[in-house]
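Take a look at the structure set out below.
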Amino acid sequence: RGETYKLELIADLADGTISYYSHASFTDLCRGPHVEHTGKIGFFKLTTVAGAYWRGDEKRPQLQRIYGVAFDTKEALEAHLHMLEEAKKRDHRKLGKELGIYFFDDDIGPGLPLWLPRGAVIVEELEALAKKTEADAGYVRVRTPHICKEKLYETSGHLSHYKESMFPPMEFDGERYYLKPMNCPHHHKIFGSSLRSYRDLPIRMAEYGTCYRYEQSGELFGLMRVRSMQMNDAHIYCTLEQFEEEFLAVCRMYLGYFKIFGIEKYLMRFSTHAPEGLGKKYVDEPELWKKTEDMVERALVSGKVPYAKSANEAAFYGPKIDVQVWSVIGREFSLATNQVDFAVPKRFGLVYHTAEHGEQTPLCIHRAPLGTHERFIGFLLEHFAGNFPLWLSPVQVRVLTITEGQNEAARALEKRLKAAGLRADVNDTSHKVGYKIREAQGEKIPYMIVLGPKDVEAGTLAVRLRDGRQFMGVTEADFLAKVLPERDEKRLSPAWPQALA
RNA sequence: GCCGAGGUAGCUCAACGGUAGAGCAAUCGCUUCGUAAGCGAUAGGUUGUGGGUUCGAAUCCCAUCCUCGGCUCCA
């Protein structure tokens, strides 16, 4: 079989020049160079073995690929291996389990995560952020059902372009119903539910919609790749003239979010269709592709949005901007997406009345700046190593008593902290305070208040931050004056003096 | 879906053909202690599931489900 592959490579050689390398009795077709012996490689370690499709095509056989890493120095190799070990500690699956964020259950099914109470807190904080941001940006909110008749996806084109990623239909009342893999067709129906005038546009329609996609079993990966997901979705229906401004407003929304989450490494990937890609998508409308792609690129250039072009990765209905981010472990993810769609609104017969008494198909921008809760929270777990900023922390303050004598005061303090809107709890078990601190550190709780007899007597707080800093004799008013702005301004790090008080 | 590796107590792991075990967590006592593990006791498992081989299976074989490393695909 190896010979067949080598012959195929030879046939593809552009200039017909064949080179080969020999090592003892082994001769190999290779562009080269080869090394004489492994001593010349430097410091290396073979890391993993895996099947890989011949020439990356899943229709073709697999060969075994051996992976390894090599470095100039032993220290560099060891540093790399150490980094991999450290990275494992930040794995969102490990942290998700340790911190009680989510879990999977065999009776629920693969790729169907359940949010635990602490995960649900994060989900709801993110939703609140999105809803506020979108309300400020002039979005309206809608809500749509999770299933619909087959007809909808025939109209949208999903059945012909996306069927293998949809769950099989359920049949009843003589109809076939599908779980929705995306929210757009439902939103299109809402747009089409009443007469629209050019005066109504743009219409920015948002929903944290739950979608279901039948991802291949081998593609499932913790929270990053799941089969049920809640998407920070919205569709902006606008005129051609409004497109650039709307599109750039979405890009600016991304940048605003990156700042909030401290995401520094990202790439806006502009996915277009390769010329040959035109044939397999909407073959009848190649001019539409060209038109929307040009439009997007003009907007990117005029808005000075840095981007990288990537051919043949567009959605079936149009070009898109994917936001690629890298977790600290070095995994790359499409975290968010921004897609342009001329085609599907047309298929749905969506129109608005123009000033000239005519009818025009609106342009639709699909956007999901926070992607899905699943992937975004998976990413944030790795990004923050579980040390969520205060506003996202499931438990924000824990009160630790030193002896039973403080239990009453601790409960009273907890009550006041909760009244201030903080997520607070108390550990009044009979363990030593060192043990309680260890436990709270493990849960990555941002603030610990150690309450002993001296504190109760003085009426002040002994505050411990999760980075180990301690501040004695803090008044409750001072504590709230520091913590509440940290929460409300969604600060990434607490504003406390560096020196140990 | 494909190639490969794994599933043992809530968690992390041991036992690898001969009665399933440890640490942590849990529960109950004792302890009342000042910034990352106080002490003791108790309880907890049809070894993912279903078949098979064997006097005997967590251990070997087959099937299946799930997870992991990749491939392919993607928010």
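Just so it is clear, the model here is predicted, and its values are computed rather than measured. Quick note on labels: first sequence line is chain A, next is B, and so on, each numbered from 1.
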- Any donor-acceptor pair under 3.5 Å from A:His383 side chain to A:Phe261 backbone: yes
- Query: In residues 115-125 of chain A, which ones come under 4.0 Å of RNA chain B, going by heavy atoms?
  - Reply: none
- Message: What's the gap between B:A43 and B:C60 when it is taken at their C1' atoms, as a whole Å value?
- Response: 34 Å
- Taking only residues two or more places apart in sequence, or in another chain, which ones meet A:Glu486 in a salt bridge (Lys or Arg N to Asp or Glu O under 4.0 Å)? none
- Task: Output all residues satisfying side chain to side chain contact (heavy atoms under 4.5 Å, CB included) with A:Glu124, sequence neighbours left out; order by chain, then residue number.
- Result: none
- Item | Same-atom distance (C1') from B:U42 to B:A9, integer angstrom | 15 Å
- Task: Sticking with atom C1', work out how far B:C61 lies from B:C16, rounded to a whole angstrom.
- Result: 16 Å
- Item | For A:Lys259, all residues meeting side chain to side chain contact (heavy atoms under 4.5 Å, CB included), sequence neighbours excluded | none
- Task: Using a 4.0 Å heavy-atom cut-off across all strands, classify A:Leu400 as base, sugar-phosphate, or nothing.
- Result: nothing
- Item | Atom C1', compared across B:C66 and B:U47: separation rounded to whole Å | 16 Å
- Item | C1' spacing across the pair B:U12 / B:U8, given as an integer number of angstrom | 12 Å
- Query: Heavy atoms under 4.0 Å, any strand shown: does A:Gly218 hit a base, just sugar-phosphate, or nothing?
  - Reply: base
- Using the test side chain to side chain contact (heavy atoms under 4.5 Å, CB included), find all partners of A:Lys482 that sit at least two apart in sequence or belong to another chain. A:Trp496, A:Pro497
- Message: So that I can compare with my own list, what are the stems of RNA chain B, taken as at least three consecutive Watson-Crick or G-U pairs with distances under 3.5 Å?
- Response: B:1-7 with B:65-71, B:10-13 with B:21-24, B:26-30 with B:38-42, B:48-52 with B:60-64
- A:Arg60: partners by salt bridge (Lys or Arg N to Asp or Glu O under 4.0 Å), with sequence neighbours left out: A:Glu8
- Task: Could you tell me whether the side chain of A:Glu443 and the main chain of A:Ala440 form a donor-acceptor pair under 3.5 Å?
- Result: no
- Message: Both A:Met231 and A:Glu404 contact RNA chain B. Which one's nearest nucleotide lies toward the 5' end?
- Response: A:Glu404
- Item | Residue pairs fulfilling salt bridge (Lys or Arg N to Asp or Glu O under 4.0 Å) with at least one residue in residues 367-381 of chain A, sequence neighbours excluded | A:Glu134-A:Arg367
- Message: Under the rule for side chain to side chain donor-acceptor pair (under 3.5 Å), what residues qualify as partners of A:Tyr254, not counting sequence neighbours?
- Response: none
- Sequence-distant partners of A:Lys131, side chain to side chain contact (heavy atoms under 4.5 Å, CB included), two or more places apart: A:Glu127, A:Arg141
- Task: Using the C1' atoms only, state how far B:U32 lies from B:U67, rounded to an integer number of Å.
- Result: 45 Å
- With rounding to whole Å, what would you report as the distance between B:A36 and B:A41 at their P atoms? 28 Å
- Message: I'd like to know if the side chain of A:Asp478 and the backbone of A:Leu480 have a donor-acceptor N/O pair within less than 3.5 Å.
- Response: no
- Pairwise P distance, B:G44 and B:A22 [rounded to whole Å]: 13 Å
Can you give me every donor-acceptor pair (side chain of residues 98-115 of chain A, partner residue at least two apart or in another chain, under 3.5 Å) with its distance?
unit_1: A:Glu98; atom_1: OE2; unit_2: A:Lys94; atom_2: NZ; d: 3.0
unit_1: A:Asp105; atom_1: OD1; unit_2: A:Asp107; atom_2: N; d: 2.7

- Query: Base, sugar-phosphate, or nothing for A:Tyr435, non-hydrogen atoms under 4.0 angstrom?
  - Reply: sugar-phosphate
- Message: Reading RNA chain B from 5' onward, which residue's closest nucleotide shows up sooner: A:Glu215 or A:Ala52?
- Response: A:Ala52
- Start and end of the RNA chain B segment that chain A contacts, any atom under 4.0 Å from a heavy atom: B:G1 to B:A75
